[in-house]
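Everything on this sheet refers to the single structure shown next.
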Amino acid sequence: MNANETQGRRCGETPVPYGLSEAICADPRDSRATTFLVRDYDLAATLASGQAFRWRPMGDAWEGIVAGRWVRLHQAGDDLRAECAVPQADWHWLRDYLQLDVDLAAVVATFPDDEPMRASVAACRGLRLLRQEPWECLVSFICSSTKQIVQIQQIIALLCERFGEAIPVAADVRRLSSNAEGAMRNAEWKAVPPDVVGDSVFAFPSAARLAACSEAELRTCKMGFRAPYILAAAKAVATGQLDLSLLQNLSTAEARAALMNLHGVGRKIADCVLLFAYGKQDAFPVDVWVRRALIELYFPRRRPSEKRLAHFANTHFGPNAGFAQQYLFHYVRVRRE
DNA sequence: CGCCAGGCGAACA
DNA sequence: TGTTCGCATGGC
């Protein structure tokens with residue numbers, strides 16, 4: 001059965017085929033929440049896989065900010081429940097962010113049929129790529145250089161608290177935030193302060209807002225030498241010198257070149273933005289983990305030259321190479337323990 | 001304490 | 001064209 005045919009969402013117990021209006025599927029008694037029917041979707045693995053940095057595990061649920069909206073997500077089997085702070089007219093913004101319409105089986109079928117890929121796919125069934133907003137994604141990955149994921153989360157949280165707009169949040173968030181029982185169960189939580197301050201959470205700050213910052217202000221977010229990179233990128237976007245919305249229609253190579261014009265954005269960071277924000281599936285970010293995985297899994301005898309490794313990375317993984325990369329990344333990361 | 005972290009860019013041979 | 005280093009900051 002085709003996964004597309006089975007995707008839809010539920011109103012109460014009634015499955016609704018994909019394609020019908022969101023209003024039908026939303027709970028009529030509460031337009032702040034809805035439930036999507038998903039297949040081959042591991043929400044926890046996806047949200048914790050180092051592609052987005054604002055999701056926090058809260059007990060069995062995940063809380064984050066998408067498109068300026070606070071959201072709580074909870075998966076139970078094939079039911080993915082979403083809850084917002086304010087009523088929603090539709091949910092396409094979340095469906096798009098979570099990439100619910102992607103047929104994962106069809107994507108995985110394009111991966112090379114070799115042992116490392118089989119092991120990677122087996123190790124993380126249901127791992128997905130998100131579709132993030134370009135500006136947030138760009139800033140996040142400029143901050144990512146020589147930083148651990150926990151630290152990137154911390155920098156982004158500080159940026160949002162200091163410079164983002166306060167947005168509405170569900171009434172029970174504070175109770176959950178201070179509920180150490182649920183939150184502290186996750187080891188990563190201890191290192192990341194909750195970006196809930198008082199009754200507020202914060203949207204990701206606009207380019208204009210960050211462009212108005214001084215470098216010293218940005219440095220208070222613990223981003224160190226990356227501060228001038230962020231500031232320059234913010235100015236480029238705020239002035240219109242760089243129009244991020246135009247990159248969607250460019251080829252991967254053209255969009256990559258445009259991103260790499262920014263100071264602090266090299267091949268790896270550019271490819272992360274191409275993959276995680278623009279859905280350019282042929283982008284293949286090679287970081288230390290993926291590099292390690294490639295060498296260990298595909299070149300165990302003799303260390304390949306940089307050129308050979310790059311050529312292999314760019315040719316071996318097919319039309320959804322970036323997707324394959326995320327599986328390799330997750331695989332070696334979970335194998336660390 | 002030393003080492004490393006989802007790198008990049010400048011300075012070298 | 002291909003390596004080497006410094007860069008802030010924090011976790012272990």
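In the text below, chain A, chain B and the rest are named by the order of the sequence lines, each starting its count at 1.
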[X]-[Y] aromatic ring centre distance below 6.0 Å:
{"X": "A:Phe36", "Y": "A:Tyr41", "answer": "no"}
{"X": "A:Phe312", "Y": "A:Tyr298", "answer": "yes"}
{"X": "A:Phe163", "Y": "A:Phe202", "answer": "no"}

Answer with base, sugar-phosphate or nothing: what part of the nucleic acid does [X] contact at a heavy-atom distance below 4.0 Å?
{"X": "A:Phe53", "result": "nothing"}
{"X": "A:Lys222", "result": "sugar-phosphate"}
{"X": "A:Ser49", "result": "base"}
{"X": "A:Arg291", "result": "nothing"}
{"X": "A:Gly266", "result": "sugar-phosphate"}

Fit a plane to each ring of [X] and [Y], take the angle between them on a 0 to 90° scale, and name the class: parallel (under 30°), tilted (30 to 60°) or perpendicular (over 60°).
{"X": "A:Trp135", "Y": "A:Phe204", "result": "perpendicular"}
{"X": "A:Tyr327", "Y": "A:Phe111", "result": "perpendicular"}
{"X": "A:Trp91", "Y": "A:Trp93", "result": "parallel"}

Rounded off to whole Å, could you give me the [atom1]-to-[atom2] distance for the [X] and [N] pair?
{"X": "A:Ile149", "N": "C:dC12", "atom1": "CD1", "atom2": "C1'", "value": "16 Å"}
{"X": "A:Ile152", "N": "C:dT9", "atom1": "CD1", "atom2": "C1'", "value": "13 Å"}
{"X": "A:Gln153", "N": "B:dA5", "atom1": "CD", "atom2": "C1'", "value": "13 Å"}
{"X": "A:Ile142", "N": "B:dA5", "atom1": "CD1", "atom2": "C1'", "value": "18 Å"}
{"X": "A:Lys268", "N": "B:dA5", "atom1": "NZ", "atom2": "P", "value": "12 Å"}
{"X": "A:Gln154", "N": "C:dT9", "atom1": "CD", "atom2": "P", "value": "12 Å"}
{"X": "A:Leu130", "N": "B:dG6", "atom1": "CG", "atom2": "C1'", "value": "15 Å"}
{"X": "A:Leu138", "N": "B:dG7", "atom1": "CG", "atom2": "C1'", "value": "14 Å"}

Please report the distance separating the [atom1] of [N] from the corresponding atom of [M], rounded so that it comes out in whole Å.
{"N": "C:dG10", "M": "B:dG9", "atom1": "C1'", "value": "23 Å"}
{"N": "C:dG11", "M": "B:dC8", "atom1": "P", "value": "23 Å"}
{"N": "C:dT4", "M": "B:dG6", "atom1": "P", "value": "22 Å"}

Within residues 253-265 of chain A, residues whose heavy atoms come under 4.0 Å of DNA chain C: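 None, since no heavy atom is under 4.0 Å.
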Phosphate-side-chain proximity, A:Lys307 and C:dT1, N/O vs OP1/OP2 below 4.0 Å: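 Looking at the OP1 and OP2 atoms of C:dT1, neither is under 4.0 Å from any side-chain N or O of A:Lys307.
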Non-hydrogen atoms of A:Ala270 and A:Met260 that approach each other most closely: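 So the minimum-distance heavy-atom pair works out to CB-CG, 3.7 Å.
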Under 3.5 Å donor-acceptor, A:Gln75 side chain and A:Leu43 backbone: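 Yes.
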Would you check if there is a donor-acceptor pair between the side chains of [Y] and [X] at a distance under 3.5 Å?
{"X": "A:Asn320", "Y": "A:Thr110", "result": "yes"}
{"X": "A:Arg69", "Y": "A:Gln88", "result": "yes"}
{"X": "A:Thr220", "Y": "A:Arg162", "result": "yes"}

Member of A:Arg39, A:Arg95, A:Arg131, A:Arg128 meeting the salt bridge (charged side-chain N to carboxylate O under 4.0 Å, His left out) criterion with A:Asp101: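 Single pass found, and it is A:Arg95.
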Nucleotide of B:dG6, B:dC8, C:dT3 approaching A:Phe329 most closely (side-chain heavy atoms):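 It is B:dG6.
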Heavy-atom side-chain contact between A:Leu218 and A:Leu159 under 4.5 Å: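 A:Leu218 vs A:Leu159: side chains touch.
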Bracket notation of DNA chain B in which parentheses pair within the strand, [ ] cross earlier pairs, and | pairs with another strand (Watson-Crick or G-U, under 3.5 Å): .||||.|||||||
Side-chain donor/acceptor contact of A:Gln151 with base of B:dG6 under 3.5 Å: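 Donor-acceptor pair under 3.5 Å: no.
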Can you pull every protein N or O that's under 3.5 Å from an N or O on nucleotides 4-8 of chain C?
unit_1: C:dA8; atom_1: O4'; unit_2: A:Phe225; atom_2: N; d: 3.4

